[in-house]
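We count ligands from 1, going down the list as the structure has it; atoms in each ligand are counted the same way.
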Amino acid sequence: MDYPGNLFVVAAPSGAGKSSLVKALMEVDAGVRPCISHTTRAPRGQELDGREYHFVSDQVFDAMAANGDFVEWANVHGKRYGTSRQTIEQRMAAGHDVVLEIDWQGALQIRLRFARAILIFVLPPSWDELRARLTRRGEDSVDVIELRLANAREELAQAKHFDYVIINEVFERALFDLKAIVHAQRLKYSAQARARTDTFRALNIL
Ligand code: 5GP
């Protein structure tokens with residue numbers, strides 16, 4: 001199915017800062033909508049059901065996966081995460097641009113289903129900085145931080161499959177880069193023709 005909106009997929013190892021970047025993008029760009037994922041992990045800190053994630057049991061996740069309710073799902077750090085087919089299709093059919101904040105496995109599955117998806121990988125500036133950020137946010141135990149760092153080594157190797165890379169060294173610069181990617185995508189001929197069909201018709205170029 002061809003949708004009028006654009007689909008952006010942002011992946012990164014945890015601690016690279018992708019959540020903050022995506023949140024900041026949505027604050028300044030009302031045209032970009034999120035798609036709240038389902039997960040079997042427990043809420044952390046101030047997280048609320050239905051805001052950061054839909055927190056579900058293993059049984060509910062199994063049933064949804066078996067029912068084909070996810071456009072992609074993956075096992076990340078021992079817990080499962082999935083993107084709701086209904087939510088993403090509704091948002092895109094309504095002409096919104098959608099941004100998915102998911103892991104690299106999910107991103108590559110999305111590309112198979114939505115050929116026009118734009119895949120963006122966020123890199124930390126260094127290993128030391130990644131470790132420092134994971135430690136600073138104080139959400140995880142030392143064991144969990146070590147697991148996340150070990151996983152990050154494999155995750156970073158996937159960056160080469162993505163369309164764009166943002167190095168999140170200085171937050172404002174990384175946000176500028178993300179906005180630039182979104183903006184450039186919207187200016188592509190095919191995206192303009194979908195978003196501004198009336199203008200194109202009136203100019204006799206469709
Ligand atoms: P966290 O537990 O730190 O919120 O997320 C762990 C990882 O799972 C992050 O890389 C996050 O982007 C990813 N993730 C969140 N939602 C989804 C999803 O729906 N699908 C996939 N494949 N990964 C997700």
Side-chain angles (χ1 to χ4, degrees), residues 7-26 32-58 60-65 67-92 98-114 117-124 130-131 133-159 161-162 165-166 168 174 178:
L7 177 58
F8 300 97
V9 185
V10 183
S14 49
K18 77 172 180 277
S19 303
S20 310
L21 277 174
V22 169
K23 190 164 167 263
L25 172 71
M26 289 189 301
V32 183
R33 303 291 171 95
C35 187
I36 313 289
S37 298
H38 288 68
T39 182
T40 59
R41 85 151 163 76
R44 284 197 295 250
Q46 305 296 310
E47 288 179 339
L48 282 182
D49 188 36
R51 190 178 65 187
E52 279 79 14
Y53 286 105
H54 299 289
F55 295 99
V56 295
S57 64
D58 275 313
V60 168
F61 198 98
D62 283 342
M64 290 182 73
N67 201 33
D69 291 347
F70 296 126
V71 275
E72 65 74 31
W73 70 267
N75 203 315
V76 188
H77 312 307
K79 298 290 175 188
R80 287 178 297 164
Y81 298 79
T83 304
S84 155
R85 174 185 307 281
Q86 196 189 13
T87 313
I88 192 173
E89 288 186 350
Q90 276 172 355
R91 301 235 152 127
M92 291 183 69
V98 173
V99 62
L100 300 181
E101 207 193 307
I102 62 179
D103 90 310
W104 66 270
Q105 307 169 80
L108 298 185
Q109 291 177 57
I110 289 288
R111 172 180 272 155
L112 294 177
R113 283 169 197 262
F114 300 89
I118 307 299
L119 270 51
I120 305 163
F121 203 96
V122 181
L123 290 175
L130 185 61
R131 182 187 294 275
R133 286 181 191 171
L134 285 170
T135 308
R136 240 185 346 250
R137 73 181 188 186
E139 284 175 344
D140 300 303
S141 65
V142 173
D143 286 356
V144 171
I145 291 175
E146 287 310 317
L147 175 66
R148 287 182 180 240
L149 281 170
N151 289 345
R153 291 188 190 278
E154 282 173 40
E155 290 163 9
L156 292 194
Q158 304 300 325
H161 301 301
F162 284 61
V165 172
I166 295 174
N168 187 10
L178 182 57

Geometric N/O contact Arg137 with ligand 1, under 3.5 angstrom: no
Between Leu149 and Arg131, does the side chain to side chain contact (heavy atoms under 4.5 Å, CB included) criterion hold? Intermediate values first, please. CA-CA 7 Å; Leu149 281 170; Arg131 182 187 294 275; 3.4 Å; yes
So is His38 polar-close to ligand 1, meaning N/O to N/O under 3.5 Å? no
The residue among Ile88, Val99, Ile102 that forms side-chain contact (heavy atoms from CB on, under 4.5 Å) with Cys35 is Ile88
Heavy atom of Glu101 under 4.0 Å from ligand 1? yes
Would you call Glu72 and Arg111 a salt bridge, using N to O less than 4.0 angstrom? no
Where's the contact between Ile102 and ligand 1, heavy-atom distance under 4.0 Å: side chain, backbone, both or neither? both
Decide whether an N or O pair under 3.5 Å exists between Arg44 and ligand 1. yes
For atom 20 (N) of ligand 1, what is the closest protein heavy atom, and at what distance to 0.1 Å? Glu72 OE2, 2.7 Å
Pair Leu100, Val10 - check side chain to side chain contact (heavy atoms under 4.5 Å, CB included), show working. CA-CA 6 Å; Leu100 300 181; Val10 183; over 6 Å; no
Evaluate the criterion side chain to side chain contact (heavy atoms under 4.5 Å, CB included) for residue pair Gln86 and Gln90; output intermediate values, then yes/no. CA-CA 6 Å; Gln86 196 189 13; Gln90 276 172 355; 3.6 Å; yes
Give yes if a backbone or side-chain nitrogen or oxygen of Asp103 is under 3.5 Å from a nitrogen or oxygen of ligand 1, and no if not. yes
Tell me, which protein residue and heavy-atom name are nearest atom 10 (O) of ligand 1, and how many Å apart are they? Lys18 NZ, 2.9 Å
Using a strict 4.0 Å threshold on nitrogen-to-oxygen distance, state whether Arg41 and Glu52 make a salt bridge. no
Between Trp104, Tyr81, Trp73, flag the one that comes closest to atom 8 (O) of ligand 1 by a heavy atom. Tyr81
So is His54 in contact with ligand 1, going by heavy-atom distances below 4.0 Å? no
Within the structure, is a non-hydrogen atom of Tyr53 found at a distance of less than 4.0 Å from ligand 1? yes
Please tell me if the side chains of Val122 and Leu21 come closer than 4.5 Å, counting only heavy atoms from C-beta onward. yes
Between ligand 1 and Gly82, is the shortest N or O to N or O distance under 3.5 Å? yes
With a heavy-atom distance limit of 4.0 Å, tell me whether Glu52 approaches ligand 1 through its side chain, its backbone, both, or neither. neither
Atom indices of ligand 1 within 4.0 angstrom of Gly106 heavy atoms, with elements: 22 (N)
Starting from atom 7 (C) of ligand 1, locate the nearest protein heavy atom and write down its residue, its atom name and how far away it is, to 0.1 Å. Val76 CG1, 3.6 Å
Output field: ring centroids His38/Phe70 closer than 6.0 Å: yes
Considering only heavy atoms of Ala74, which atoms of ligand 1 have at least one such atom less than 4.0 Å away? 22 (N)
Under a 4.0 Å heavy-atom limit, does Arg41 contact ligand 1 with its side chain, its backbone, both, or neither? side chain
For the residue pair Thr40 and Arg80, confirm or rule out a side-chain donor-acceptor distance under 3.5 Å. no
for atom 16 (N) of ligand 1, nearest protein heavy atom and its distance come out as Ser37 OG, 3.1 Å
Quick one about His77 and Asn151 (side-chain donor to acceptor, distance below 3.5 Å, no hydrogens or angles considered), yes or no? yes
Can the ring centroids of Phe162 and Trp104 be said to lie less than 6.0 angstrom from one another? no
